[in-house]
Amino acid sequence: QKEVEQDPGPLSVPEGAIVSLNCTYSNSAFQYFMWYRQYSRKGPELLMYTYSSGNKEDGRFTAQVDKSSKYISLFIRDSQPSDSATYLCAMSSPGYGKLTFGQGTILTVHP
Amino acid sequence: DGGITQSPKYLFRKEGQNVTLSCEQNLNHDAMYWYRQDPGQGLRLIYYSQIVNDFQKGDIAEGYSVSREKKESFPLTVTSAQKNPTAFYLCASSGGLLAPNEQFFGPGTRLTVL
């Protein structure tokens with residue numbers, strides 16, 4: 001069993017839809033949670049970083065962490081064609097810089 | 001501009017050759033990382049370095065080597081011992097004062113073995 005499992009998609013939604021991206025994890029030592037966006041043939045770009053259970057909002061993006069269920073989500077409101085990319089969840093333990101990534105979810109937002 | 005640079009963007013290698021991928025950062029970060037990305041497998045850690053002159057193996061270090069002689073630089077050599085080197089290679093760094101676990105990535109190098 002992988003330490004981090006991510007819904008593989010692909011996901012295709014119409015412009016303006018609310019998108020939900022999800023990851024589960026098995027390692028209770030993970031305390032830091034990140035979401036990256038990666039456009040085709042580019043390096044990942046950090047979107048959200050959080051270390052506590054609950055919600056964190058940044059513009060159209062909301063990151064949700066539920067440590068008791070070992071479940072994290074990224075919500076995108078009013079999705080745009082420019083949001084079309086691969087989304088990667090990642091997490092790490094305290095004092096140890098190694099990130100463990102999910103497999104990535106390919107999202108397409110069509111006009 | 002602060003950031004991470006990787007070169008070259010595309011690299012072609014014949015079987016049996018060693019190649020070195022460059023990674024430079026001017027973010028003053030202490031830690032640097034190399035990942036490999038294959039379709040449908042996310043990112044896998046090859047090597048990482050938390051300080052100059054020290055580095056550790058990641059999950060898939062076989063067939064790779066690194067050095068960390070300067071804080072700004074963390075080159076990766078893909079040796080002929082790596083059986084399936086065709087992949088997208090990503091370098092990252094971390095160590096910002098406010099969020100030391102945040103990793104920032106370079107643009108990547110796509111290596112193809114001919």
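Values in this document were obtained by computation on a predicted structure and should not be read as measured data. In what follows, chains are A, B, ... by sequence order, proteins preceding strands, each numbered from 1. Hydrogens, waters and symmetry mates play no part in the numbers below; they use all other heavy atoms, side chains included.
A single hydrophobic cluster is seen to contain both B:M32 and B:I46, as judged by linkage of ILVMFWY side chains at heavy-atom distances under 4.5 Å, directly or through other members. B:F74 and B:Y33 fall into different hydrophobic clusters, where Ile, Leu, Val, Met, Phe, Trp and Tyr residues are linked whenever their side-chain heavy atoms come under 4.5 Å apart, directly or through other members. Hydrophobic clustering (ILVMFWY, side-chain heavy atoms < 4.5 Å, transitive): A:L74 and A:L46 are in distinct clusters. In terms of hydrophobic clustering, with Ile, Leu, Val, Met, Phe, Trp and Tyr side chains grouped at heavy-atom distances under 4.5 Å, B:F104 and B:L45 are assigned to a common cluster. A single hydrophobic cluster is not seen to contain both B:W34 and B:F105; linkage of ILVMFWY side chains at heavy-atom distances under 4.5 Å, directly or through other members, places them apart.
Using a 4.5 Å cut-off between heavy atoms, B:Q6 does not touch chain A at all. Contacts between A:Y51 and chain B at a heavy-atom distance below 4.5 Å are absent for every atom of the residue. Both the backbone and the side chain of B:L43 come within contact range of chain A, with heavy atoms under 4.5 Å apart. At a 4.5 Å heavy-atom cutoff, A:P8 makes no contact with chain B through either its backbone or its side chain.
Residues B:Q103 and A:M34 have side chains not in contact (no heavy-atom distance under 4.5 Å, counting atoms from C-beta outward). By the 4.5 Å heavy-atom criterion applied to side chains, B:Y35 and A:L99 are counted as neighbours. Looking at heavy atoms from C-beta onward, B:Q37 lies out of side-chain contact with A:T86 at the 4.5 angstrom threshold.
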Identify each donor-acceptor pair in which a side-chain atom of residues 102-111 of chain A lies under 3.5 Å from a protein atom, sequence neighbours left out, and give them as a table.
{"residue": "A:Q103", "atom": "OE1", "partner": "A:Q6", "partner atom": "N", "Å": "3.0"}
{"residue": "A:Q103", "atom": "NE2", "partner": "A:E5", "partner atom": "OE1", "Å": "3.4"}
{"residue": "A:T105", "atom": "OG1", "partner": "A:Q6", "partner atom": "NE2", "Å": "3.2"}
{"residue": "A:T105", "atom": "OG1", "partner": "A:D7", "partner atom": "O", "Å": "2.3"}
{"residue": "A:H110", "atom": "NE2", "partner": "A:V13", "partner atom": "O", "Å": "3.3"}

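When every heavy atom of A:Q38 is checked against every heavy atom of B:F88, the shortest pair comes out as NE2-CE2, 3.8 Å. In this structure, B:L90 and A:G43 approach most closely via the heavy-atom pair CD2-CA, 3.7 Å.
The environment of NZ in A:K42 is sparse: at most 12 heavy-atom neighbours from other residues, nucleotides or ligands sit within 6.0 Å.
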